[in-house]
Chemist: 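The structure is given below, and queries will be raised subsequently.
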2 protein chains.
Amino acid sequence: MKKPLDWQITATDGNARAGVLTTRRSVIETPVFMPVGTQGALKGVRFEWLEGEIDARIILANTYHLFLRPGIEAIREFGGLHRFTSWDRSLLTDSGGFQVFSLTDLRKLTEEGVEFRSHLDGSKQFLSPEVSMEVQAALDSEIAMVFDECPPGDAGHERTKQSLELTARWAARSKKRLDELNSEPGAVATGFFMPDADSSSKNPVATAPGSELNGRQSLFGIVQGAGHLDLRKESLDRTVEIGFDGYAIGGLSVGEEKPVMYGVLEFLTPQMPADAPRYLMGVGTPEDLVEAVGHGVDMFDCVIPTRNGRTGGAFTSRGKINIRNAKFALDDEPLDPDCGCSVCKRYSRGYLRHLYQAGEMNAAIMISHHNVAFFVETMRRSRAAIIEGTYRIFKKDFLEKLQENDAAFD
Amino acid sequence: MKKPLDWQITATDGNARAGVLTTRRSVIETPVFMPVGTQGALKGVRFEWLEGEIDARIILANTYHLFLRPGIEAIREFGGLHRFTSWDRSLLTDSGGFQVFSLTDLRKLTEEGVEFRSHLDGSKQFLSPEVSMEVQAALDSEIAMVFDECPPGDAGHERTKQSLELTARWAARSKKRLDELNSEPGAVATGFFMPDADSSSKNPVATAPGSELNGRQSLFGIVQGAGHLDLRKESLDRTVEIGFDGYAIGGLSVGEEKPVMYGVLEFLTPQMPADAPRYLMGVGTPEDLVEAVGHGVDMFDCVIPTRNGRTGGAFTSRGKINIRNAKFALDDEPLDPDCGCSVCKRYSRGYLRHLYQAGEMNAAIMISHHNVAFFVETMRRSRAAIIEGTYRIFKKDFLEKLQENDAAFD
């Protein structure tokens with residue numbers, strides 16, 4: 001039977017997995033870091049770089065932001081987010097749930113959905129599983145996410161339990177509505193994007209089984225439950241029972257201590273379906289990614305490469321540095337001597353620091369570029385290690401290198 | 001005798017000239033628009049784009065800004081501005097004069113030089129012809145400019161005359177000091193940059209007579225005199241008498257009416273030496289450039305492509321548009337349907353407007369890119385028309401097209 005996605009596991013190494021995820025638009029090797037294009041653009045980095053040098057096969061866009069601006073009618077007018085933005089490869093759209101519950105103050109939650117005020121103009125807005133799916137269908141993403149409630153990370157057991165039950169009911173409604181939308185005439189995308197020969201040879205992948213896909217959007221369920229392991233299990237069971245194309249872990253990296261996150265991953269991932277991709281939402285630092293890959297997570301997204309890039313923070317193989325630091329003023333080394341990105345091949349820390357201090361946006365542009373390249377490359381190296389069966393050694397070396405030189409930079 | 005620059009006139013058409021300017025680092029076809037990298041970077045546009053798609057052979061950097069930050073010792077430490085910034089092609093540095101007289105409030109002008117307070121931290125600073133040459137020698141630009149006094153555009157005849165006399169004395173001191181600096185051991189650059197085969201074939205140029213150059217920095221004199229034609233003539237005579245590698249026209253586009261500028265150009269350019277390049281400083285709009293080329297100007301610089309780009313202003317072959325305008329919200333045309341730049345080939349006005357409204361820096365990045373590409377391309381098309389002997393027709397069509405559709409956009 002034709003499916004929205006094809007998911008193949010290429011190799012496993014302990015709990016870590018190397019896979020190939022094929023959507024109707026691109027072939028994505030996993031583990032994968034998905035750069036975040038919140039409003040339809042990766043902040044400071046043109047798509048040309050993402051497609052060429054960085055060769056990202058999938059990026060994320062945010063339903064909440066695009067729903068409010070430019071608005072879904074504008075996106076429909078342009079024929080979806082791909083055509084609007086010109087990004088031809090895969091898109092994953094979140095559902096808007098996380099933003100509604102974190103960005104807006106005024107909201108009214110009912111079984112039906114959530115009424116809230118726009119952070120842009122205070123206007124009254126409404127999102128529900130059905131509305132979110134309508135928006136995501138209009139956005140025409142390859143991977144849509146169920147509309148979930150996101151309780152605070154420090155919510156108690158009872159509140160968290162109520163929340164995940166609501167999320168489970170909303171997940172079923174999300175699935176039903178997206179199915180309907182994707183059954184409507186003209187709803188199914190027909191284009192299939194293949195990376196060009198040049199990037200294919202850089203990242204060899206099996207021939208894409210495009211003809212095996214049904215052209216519909218895929219939908220991922222979201223497992224909630226905060227740090228309560230019993231609730232995580234309950235949420236997982238209820239989500240798997242509904243049945244999705246992939247499973248996401250939500251509600252982590254929201255302020256809890258690192259051991260809590262790693263504990264949830266250690267507990268949860270072995271119980272998640274092996275035959276579907278696993279996506280850890282909104283995570284995280286390079287350490288987090290490499291740890292989570294070790295637990296069997298396949299997909300990640302996070303804004304920190306660009307958010308830190310804009311304030312001068314660079315992630316390197318030897319730990320994080322901040323280019324504002326005066327000690328870099330005369331430093332003619334690249335941000336990361338071990339990085340092969342176009343920024344590290346050419347520009348010195350001293351020059352980038354000068355640009356930052358001088359208020360030139362090129363500092364943000366280039367540090368963000370390096371950071372995204374570093375995150376994507378870290379996942380590429382992780383994948384290679386998994387295939388070689390050396391992931392434990394890779395992880396140990398990677399984490400040690402991050403640590404050992406942190407001191408030298410501080 | 002070996003010279004710092006080689007200047008050949010390829011063709012003339014009326015007063016317009018097509019030439020080839022060869023520095024120790026690049027071959028520059030004229031007329032040429034030089035993008036402005038004030039602080040060692042073109043705002044929002046990475047060098048990779050400038051070298052590749054846009055194929056700029058020379059950019060400008062500002063002595064005043066770099067003198068104050070990062071400071072000349074830092075630049076020396078890195079081995080000059082080319083090595084600091086990684087820009088391998090030609091650099092033209094202004095002298096700091098214009099900025100001292102326009103950016104700073106507190107200054108004390110004497111025969112020796114000018115004392116002023118930094119606009120950054122209020123610290124007391126001093127620039128003179130000698131200091132400016134020392135800074136420009138450290139910056140290692142291919143074209144240095146004499147240190148000039150820039151009186152207000154509305155200064156009377158007497159004040160303007162005094163000023164140009166001071167500028168003439170300073171020009172002689174500038175030349176003397178740069179000669180000394182370029183005679184010091186190790187001062188002369190040895191590298192010679194040739195564009196790669198790909199860009200050469202796109203812009204065929206004669207084999208660069210690199211071996212005919214003496215490796216020194218060249219120095220341009222500056223003709224002042226505001227709108228007083230007799231003073232312009234006097235300033236020109238005094239400047240030519242000293243003798244420079246090229247001649248710049250300063251003090252235009254500083255608030256005077258357009259006919260004043262065009263009048264000065266019409267009067268002045270035919271009297272300027274034909275065997276040296278002519279540079280109209282800080283000008284201007286596409287109309288200004290095309291008019292001035294008609295008067296025989298060869299070189300231009302201006303910040304408006306990037307300054308306007310950052311506030312949503314796009315220069316197009318049909319006039320200037322502002323992407324903030326609501327009528328572009330659903331517009332799927334490129335900024336300029338007649339432009340072949342990478343932004344116009346791919347992105348719609350509707351998308352760029354969304355990015356601008358959403359506060360995404362990618363709007364500034366991409367509109368600035370288009371604008372710079374449009375300015376550079378306008379000069380390339382002017383050159384082609386001069387060589388074909390059709391400049392008058394080109395200019396008429398270009399200016400009409402700019403005008404006739406301005407209305408449609410407003």
Side-chain angles (χ1 to χ4, degrees), chain A residues 37-49 51-53 62 65-66 68-71 73-79 81 83-88 120 306 310 329-332 334 342-343 345-348 350-366 368-369, chain B residues 37-49 51-53 62 65-66 68-71 73-79 81 83-88 120 306 310 329-332 334 342-343 345-348 350-366 368-369:
Chain A
T38 298
Q39 305 189 105
L42 182 63
K43 291 182 194 301
V45 183
R46 284 177 60 171
F47 286 154
E48 288 86 345
W49 293 110
E51 294 161 347
E53 177 193 321
N62 287 101
H65 290 86
L66 294 165
L68 296 180
R69 184 175 53 199
E73 284 315 313
I75 301 278
R76 279 205 185 101
E77 190 76 25
F78 278 93
L81 193 60
R83 290 191 185 166
F84 182 53
T85 64
S86 81
W87 175 256
D88 259 345
L120 296 178
T306 45
R310 291 197 298 286
L330 300 179
D331 189 336
D332 68 355
S342 58
V343 173
K345 274 197 271 192
R346 174 161 188 171
Y347 302 102
S348 68
Y351 175 57
L352 293 171
R353 177 176 190 275
H354 162 66
L355 294 182
Y356 190 90
Q357 297 298 116
E360 293 281 346
M361 72 172 117
N362 298 39
I365 290 169
M366 295 204 279
S368 296
H369 177 114
Chain B
T38 298
Q39 304 188 106
L42 182 62
K43 291 182 194 301
V45 182
R46 284 176 59 172
F47 287 154
E48 289 85 346
W49 293 110
E51 295 161 346
E53 177 192 321
N62 288 101
H65 290 86
L66 294 164
L68 295 180
R69 183 173 57 197
E73 284 315 313
I75 300 278
R76 279 205 185 100
E77 191 75 25
F78 278 93
L81 193 59
R83 291 192 184 165
F84 181 53
T85 65
S86 81
W87 176 258
D88 259 345
L120 296 178
T306 45
R310 289 197 301 286
L330 300 179
D331 190 337
D332 68 354
S342 58
V343 173
K345 274 198 270 194
R346 174 163 188 169
Y347 302 102
S348 68
Y351 175 57
L352 294 170
R353 177 177 190 273
H354 162 66
L355 294 182
Y356 190 90
Q357 297 299 115
E360 292 282 347
M361 72 172 114
N362 298 39
I365 290 169
M366 295 203 280
S368 296
H369 177 114

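So you know, we letter chains A, B, ... as the sequences are listed, proteins then strands, and number each from 1.
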Chemist: Less than 4.5 Å to any heavy atom of chain B: does that hold for the side chain of A:Tyr347, its backbone, both, or neither?
Modeler: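 Contact with chain B is through the side chain of A:Tyr347 alone.
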Chemist: Do B:Leu66 and A:His354 touch side chain to side chain, with heavy atoms closer than 4.5 Å?
Modeler: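 Yes; the side chains approach each other to less than 4.5 Å.
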Chemist: Salt bridge or not for B:Glu53 and A:Arg46, using N-O below 4.0 Å?
Modeler: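 No, this pair does not count.
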Chemist: Considering only heavy atoms and a distance below 4.5 Å, find which of A:Ala329, A:Pro70, A:Ala364 pairs most often with chain B.
Modeler: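 Result: the option with the highest number of such pairs is A:Pro70.
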Chemist: Provide the closest heavy-atom pair for B:Gly40 versus A:Tyr351 in the form atom of the first, atom of the second, distance.
Modeler: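 Here B:Gly40 and A:Tyr351 meet closest at O-OH, 2.6 Å.
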Chemist: Counting heavy-atom pairs closer than 4.5 Å to chain A, which one of B:Ile365, B:Leu330, B:Val45 comes out on top?
Modeler: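 Most heavy-atom pairs under 4.5 Å with chain A: B:Leu330.
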Chemist: How far does CG of A:Leu355 sit from NZ of B:Lys43, to the nearest 0.5 angstrom?
Modeler: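 It comes to 9.5 Å.
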Chemist: If I take atom CD from residue A:Gln39 and atom CD from residue B:Gln357, how far apart are they, to the nearest 0.5 angstrom?
Modeler: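 Spacing of CD (A:Gln39) from CD (B:Gln357) equals 11.0 Å.
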Chemist: Which atoms of A:Arg83 come close to chain B, meaning under 4.5 Å heavy atom to heavy atom: side chain ones, backbone ones, both, or neither?
Modeler: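 Answer is neither: A:Arg83 stays 4.5 Å or more from chain B.
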Chemist: Quick check for you: among A:Gly350, A:Gly44, A:Ala74, which has the greatest number of heavy-atom pairs under 4.5 Å with chain B?
Modeler: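 Winner by heavy-atom pair count: A:Gly44.
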Chemist: Heavy-atom distances under 4.5 Å only: say whether B:Thr38 touches chain A with side chain, backbone, both or neither.
Modeler: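 It is neither, since no heavy atom gets under 4.5 Å.
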Chemist: Return yes if some donor-acceptor pair links the side-chain N/O of A:Asn362 with the main-chain N/O of B:Leu42 below 3.5 Å, else return no.
Modeler: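 Between the backbone of B:Leu42 and the side chain of A:Asn362 there is a qualifying donor-acceptor contact (under 3.5 Å).
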Chemist: Can you tell me how far apart CZ (B:Phe78) and OG (A:Ser348) are? Round to the nearest 0.5 Å.
Modeler: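 That separation rounds to 4.5 Å.
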Chemist: Identify which of B:Arg69, B:Met361, B:His369 forms the greatest number of heavy-atom pairs closer than 4.5 Å to chain A.
Modeler: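 Highest number of heavy-atom pairs under 4.5 Å: B:Arg69.
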Chemist: Name the member of B:Ala363, B:Ser342, B:Ser86 that forms the most heavy-atom pairs with chain A at distances under 4.5 Å.
Modeler: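 Ranked by contacts with chain A, first place is B:Ser86.
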Chemist: In terms of heavy-atom proximity below 4.5 Å to chain A, should B:Arg310 be classed as side chain, backbone, both, or neither?
Modeler: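 The answer is the side chain of B:Arg310.
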Chemist: So which residue, A:Glu48, A:Arg346, A:His65, ends up with the most heavy-atom pairs under 4.5 Å with chain B?
Modeler: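 Greatest number of close heavy-atom pairs with chain B: A:Arg346.
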